[in-house]
Number of protein chains: 2
Amino acid sequence: MPRLSNAKEQIMDRARRLLQSHGFEGFSYRDISSQLGIKNAAIHYHFPTKSDLGQALVEDFCEETRQQIAFARENLTVRKQLDAYFERMAQEFDRDNSLCPVGAMTTSLGTISDSMRNSLNQLSALVVDWLTETLEKGRNNGDVEFSGDARSKAIQISAAMQGARQLSRLNCSNQVERVAGQFKEELYKEPS
Amino acid sequence: MPRLSNAKEQIMDRARRLLQSHGFEGFSYRDISSQLGIKNAAIHYHFPTKSDLGQALVEDFCEETRQQIAFARENLTVRKQLDAYFERMAQEFDRDNSLCPVGAMTTSLGTISDSMRNSLNQLSALVVDWLTETLEKGRNNGDVEFSGDARSKAIQISAAMQGARQLSRLNCSNQVERVAGQFKEELYKEPS
DNA sequence: CGGGTAACTTACTTACATGTAAGTTAGAAC
DNA sequence: GTTCTAACTTACATGTAAGTAAGTTACCCG
């Protein structure tokens, strides 16, 4: 039995996929260990409790999102930032039919640890805050067009993306692109 | 021990609440039986397998939705129909922080029976079809305003409502009304 | 009032999930 | 080459879920 070179990473990678397709309570250490050819207890060595694993996963999502947002903010115009966001949502779904982390955890909100819930909240806020800021900026410089409060629009968009990924899994077709396309048509009505 | 007068209904009522707050795999027969003061096996008498219970629940949702749509179609103007839909989403959430059935089941799609999945699909299609038809009708008679394909708009709206209920549970505030308000502002821009 | 059936309870099986404790092995470090 | 430790495995404990079979009770019907 050759040992895994980077067990922790491999465990998190599997857990991540399982989380995004079956939810937090929808997978077990067994699912992970059997896929990696190791034993259950090996996972407990790296993540003593499932809550520890979940916490690590959500923090990972946060970090990744933070980096993507930081990059977008510094390097892209408003429209390119929004395009990249829509594109990422569609691609993530296309790759493996995955849910967004927040959507995948909503049914588990009652059972997860406070710290996990907190990180999830941060993750959601990260996206909404960035969207709000970007939409506002775009409206000011004429890049995008929409009515009402920028934060309301941001919440509307992020909720729709989350829901679209779920609906897409149900009827086996990528509605993410379709919903994104609808938003783009509305936001970009007047060519910049 | 006084027997329950209408056990089947009471079981379904409890199951429905549990489903919409914890997901299909997030509750057990034990949760229901303890709440009703009966034994686990009593539920198995009415619903031999959990799949039978789930099936009954989803079909119930379908029936209820069909009736609401039929009533709306026959008695309400386009704007009143949409208002009623938005209102219902917000109220359902306000009442008990519940998820919409489709949203509550997305993480279980891999494990539920084909017939359940099928009914869920029907439920989702019911709403989207009605929304599509209503939006199209409204655009033709000037009640509502939006750009692009009516079905895309319908999917966008229903996905956003589903997502909004989930986000609302996460950050403990009713974002459903907010998102609905944003849609209304956009759809009703020109007073009819 | 006696019997049959619907609606249960009791008691059990099987399977699986989380988690712990103690023992084992591979490899780096000296 | 021995030793120390990280990274495991083996074995077990506990809890809980789904489901079944057989027995029990309440009640309506003739």
Side-chain angles (χ1 to χ4, degrees), chain A residues 1-19 21-58 104-105 107-117, chain B residues 1-19 21-58 104-105 107-117:
Chain A
M1 282 286 165
R3 300 206 160 183
L4 297 177
S5 53
N6 49 353
K8 201 160 184 172
E9 283 70 27
Q10 287 200 51
I11 290 167
M12 284 187 68
D13 183 64
R14 295 293 167 167
R16 182 188 176 127
R17 289 169 202 271
L18 288 162
L19 172 69
S21 62
H22 305 236
F24 188 61
E25 284 151 68
F27 74 91
S28 69
Y29 275 24
R30 203 193 201 188
D31 295 318
I32 301 170
S33 60
S34 69
Q35 283 184 24
L36 294 180
I38 57 178
K39 299 297 164 183
N40 248 350
I43 305 176
H44 280 288
Y45 172 77
H46 293 286
F47 302 97
T49 72
K50 200 180 175 188
S51 188
D52 292 324
L53 173 57
Q55 179 74 35
L57 286 173
V58 181
M105 304 268 310
T107 52
S108 310
L109 285 186
T111 54
I112 61 177
S113 68
D114 284 356
S115 59
M116 239 177 118
R117 215 192 135 106
Chain B
M1 282 288 164
R3 299 206 161 182
L4 297 178
S5 54
N6 49 354
K8 201 161 182 171
E9 282 71 26
Q10 288 200 49
I11 290 167
M12 282 186 70
D13 182 64
R14 295 293 167 167
R16 182 188 174 127
R17 291 169 201 271
L18 287 162
L19 173 68
S21 62
H22 301 114
F24 188 61
E25 283 151 70
F27 73 91
S28 69
Y29 275 22
R30 203 193 201 186
D31 296 318
I32 301 171
S33 60
S34 67
Q35 283 183 24
L36 295 180
I38 57 178
K39 300 296 164 183
N40 247 349
I43 306 176
H44 279 288
Y45 172 77
H46 294 285
F47 303 97
T49 71
K50 200 180 175 186
S51 188
D52 293 323
L53 174 56
Q55 178 74 35
L57 286 173
V58 181
M105 304 267 309
T107 52
S108 309
L109 286 184
T111 55
I112 61 178
S113 68
D114 283 358
S115 58
M116 239 177 118
R117 214 191 137 107

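Reminder, nothing fancy here: chain letters follow the sequence lines and each chain counts from 1.
- Leu36(B) places its CG atom 14 Å from the C1' atom of dA7(C), with the value rounded to the nearest Å.
- If you take CG of Leu53(A) and C1' of dG19(C), they are 14 Å apart, rounded to a whole angstrom.
- Of the candidates dG19(D), dA18(D), dT9(C), the closest approach to any side-chain atom of Ser28(B) belongs to dA18(D).
- Out of dT16(D), dT9(D), dT10(C), the shortest distance to the side chain of Lys39(A) is found at dT9(D).
- Candidate nucleotides dG19(C), dT10(D), dG19(D) were compared by shortest atom distance to the side chain of Lys50(B), and dG19(D) ranks first.
- More than 12 heavy atoms of other shown residues, nucleotides or ligands fall within 6.0 angstrom of atom CG in Asn6(B).
- Residue contacts for Phe27(A): at a heavy-atom cut-off of 4.0 Å it reaches the sugar-phosphate backbone alone, with no base atom in range.
- For the pair His46(B) and dC8(C), the criterion of a side-chain N or O lying under 4.0 Å from OP1 or OP2 is met.
- Between Tyr45(A) and Asn40(B), the residue whose closest nucleotide on DNA chain D is further toward the 5' end is Tyr45(A).
- Phosphate contact (OP1/OP2 of dC8(C), side-chain N/O of His44(B), threshold under 4.0 Å): absent.
- Taking the ring centre of Tyr45(B) as origin, the terminal cationic atom of Lys39(B) falls outside the region bounded by 6.0 Å and 45° from the ring axis.
- Here Tyr29(A) does not reach the OP1 or OP2 of dT18(C): none of its side-chain N or O atoms lies under 4.0 Å away.
- When distances run from any side-chain atom of Arg30(A) to the nucleotides dT18(C), dC16(C), dT20(C), the shortest one goes to dC16(C).
- The side chain of Thr49(B) approaches dG19(D) more closely than any other nucleotide in the set dC8(D), dG19(D), dT9(C).
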